[in-house]
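Have a look at the structure below before the remarks.
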Amino acid sequence: MMLIPAHHFRDIERKPEYLQPEKCIPPPHSRPAGTMWFIRDGCGIACAIVTWFLVLYAEFVVLFVMLIPSRDYVYSVINGLVFNLLAFLALASHCRAMLTDPGAVPKGNATKEFIESLQLKPGQVVYKCPKCCSIKPDRAHHCSVCKRCIRKMDHHCPWVNNCVGENNQKYFVLFTMYIALISLHALIMVGFHFLHCFEEDWTKCSSFSPPTTVILLILLCFEGLLFLIFTSVMFGTQVHSICTDETGIERLQRKNQRRQRRGSWKSVKEAFGGDFSLNWLNPFSGSSHPKPLSDRDWVRQVSSVSDTENTETTTEEPSEERKDLDSAEVVDE
């Protein structure tokens with residue numbers, strides 16, 4: 001690319017015509033405030049249904065194979081209450097993660113009028129997403145499944161049929177944590193039940209036949225072990241991302257990152273909605289509506305010729321390297 005003085009670039013970047021806003025037409029029917037967020041993706045819907053089915057299967061085996069037939073009433077009541085509470089919180093967290101707007105940028109707002117309203121100054125630029133015709137705030141990325149730019153997008157998770165972003169990361173963290181806990185709890189109960197059945201008559205330790213009981217317990221054991229490993233890794237990854245103030249996509253682009261990160265505790269409080277309290281563990285706390293953006297959130301500052309060169313590439317069409325990164329933005333877990 002031929003180098004042009006930085007001031008010339010900035011004069012161009014301040015003009016709305018540079019972003020070709022005439023090609024960006026706002027959607028005819030904007031989503032009204034308060035409308036439920038739901039992604040119509042066949043794969044994601046199937047994965048969400050499978051998730052609920054697996055939790056309900058574990059619920060069935062725990063209750064009707066292990067706890068209800070048990071002659072230890074106290075053991076059955078305590079474990080039943082704990083398991084059902086954790087399962088309820090896991091499914092509630094799953095619903096909130098799936099039905100909460102993760103931080104979608106308004107679609108088709110890269111219009112001439114909107115860009116002019118920002119009143120860009122020398123050294124300021126705005127980035128346009130060529131896929132959804134939206135002005136892209138800092139740390140926003142386009143999701144090819146949601147077909148929107150998502151603020152602080154970490155990844156798209158088919159198991160919750162949604163992106164994990166600025167507004168629903170808390171619910172995704174709670175979902176992985178509660179699934180890991182019920183998986184561990186189920187594995188412990190399966191171990192105790194096997195020991196009990198080996199000592200007692202198999203026909204007395206379950207209301208099902210011995211072969212059916214063994215098959216159901218083995219399947220639950222396999223499911224619990226698989227999801228304990230999977231969700232524990234995802235939980236650790238998400239907590240690490242929050243503490244380091246770096247999303248999964250930003251780790252892929254780390255060589256291009258030059259921003260100043262916030263402290264770990266401040267990032268955690270922002271993700272979970274304030275100072276530490278029991279509401280951190282509550283999937284029903286927190287707003288399901290996206291945080292409003294001010295005019296300054298749309299604008300970015302460039303400080304060098306290299307910055308403006310990169311800006312020219314990303315504001316119009318993605319480069320080949322950028323296309324590769326875009327294809328990596330939607331990462332199945």
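Hydrogens, waters and symmetry mates are skipped; everything else that's a heavy atom, side chains included, is used.
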Practice prompt. Decide yes or no for Phe230 and Thr176: does some side-chain heavy atom of the first lie under 4.5 Å from some side-chain heavy atom of the second?
Written response: no
Worksheet, complete the sentence: Residue set satisfying side-chain hydrogen bond (donor to acceptor under 3.5 Å, both in side chains) with Asn162, at least two apart, ordered chain then number -> Trp37
Discussion item. If the condition is side chain to side chain contact (heavy atoms under 4.5 Å, CB included), which residues does Ile49 pass it with, not counting sequence neighbours?
Written reply: Ile45
Worksheet item: Is there side-chain contact between Ile39 and Cys146, with at least one heavy-atom pair below 4.5 Å?
Response: yes
Discussion item. Please enumerate all residues that pass side chain to side chain contact (heavy atoms under 4.5 Å, CB included) together with Phe53, with sequence neighbours excluded.
Written reply: none
Discussion item. Please tell me whether Ser285 and Lys170 have a donor and an acceptor in their side chains that are separated by less than 3.5 angstrom.
Written reply: yes
Practice prompt. Identify, with sequence neighbours excluded, every residue that meets side-chain hydrogen bond (donor to acceptor under 3.5 Å, both in side chains) alongside Gln169.
Written response: Gln238
Fill in: Contacts of Lys269 that satisfy salt bridge (charged side-chain N to carboxylate O under 4.0 Å, His left out) - sequence neighbours left out
Asp275
Discussion item. Once ring-ring contact (aromatic ring centres under 6.0 Å, His included) is applied, do any residues pair with Phe227, and if so which ones, sequence neighbours excluded?
Written reply: none
Worksheet entry | N-O pairing of Lys152 and Glu166 below 4.0 Å | no
Worksheet entry | Contacts of Phe64 that satisfy ring-ring contact (aromatic ring centres under 6.0 Å, His included) - sequence neighbours left out | Phe60
Discussion item. Counting C-beta onward and ignoring hydrogens, is there a side-chain heavy-atom pair between Asn79 and His185 closer than 4.5 Å?
Written reply: yes
Discussion item. Looking only at side-chain N and O atoms, does Arg251 offer a donor or acceptor that is under 3.5 Å from a partner on Thr244?
Written reply: no
Would you mind writing out the side-chain donor-acceptor pairs for residues 65-74 within the sub-3.5 Å range, not counting sequence neighbours?
residue: Ser70; atom: OG; partner: Asp72; partner atom: N; Å: 3.2
residue: Asp72; atom: OD1; partner: Val74; partner atom: N; Å: 3.4
residue: Asp72; atom: OD1; partner: Tyr75; partner atom: N; Å: 3.2

Discussion item. Please say yes or no: joined through hydrophobic side-chain contacts below 4.5 Å, possibly via intermediate residues, are Leu228 and Val82 part of one cluster?
Written reply: yes
Practice prompt. Under the ring-ring contact (aromatic ring centres under 6.0 Å, His included) rule, collect the residues that match up with Phe235, sequence neighbours excluded.
Written response: none
Worksheet, complete the sentence: Taken in chain and number order and not counting sequence neighbours, the residues that satisfy side chain to side chain contact (heavy atoms under 4.5 Å, CB included) with Ala92 are Pro283, Phe284
Response to the item:
Across all chains, not counting sequence neighbours, the side chain to side chain contact (heavy atoms under 4.5 Å, CB included) partners of Cys95 are Trp52
Response to the item:
In short, salt bridge (Lys or Arg N to Asp or Glu O under 4.0 Å) pairs touching residues 42-51 with sequence neighbours left out are none
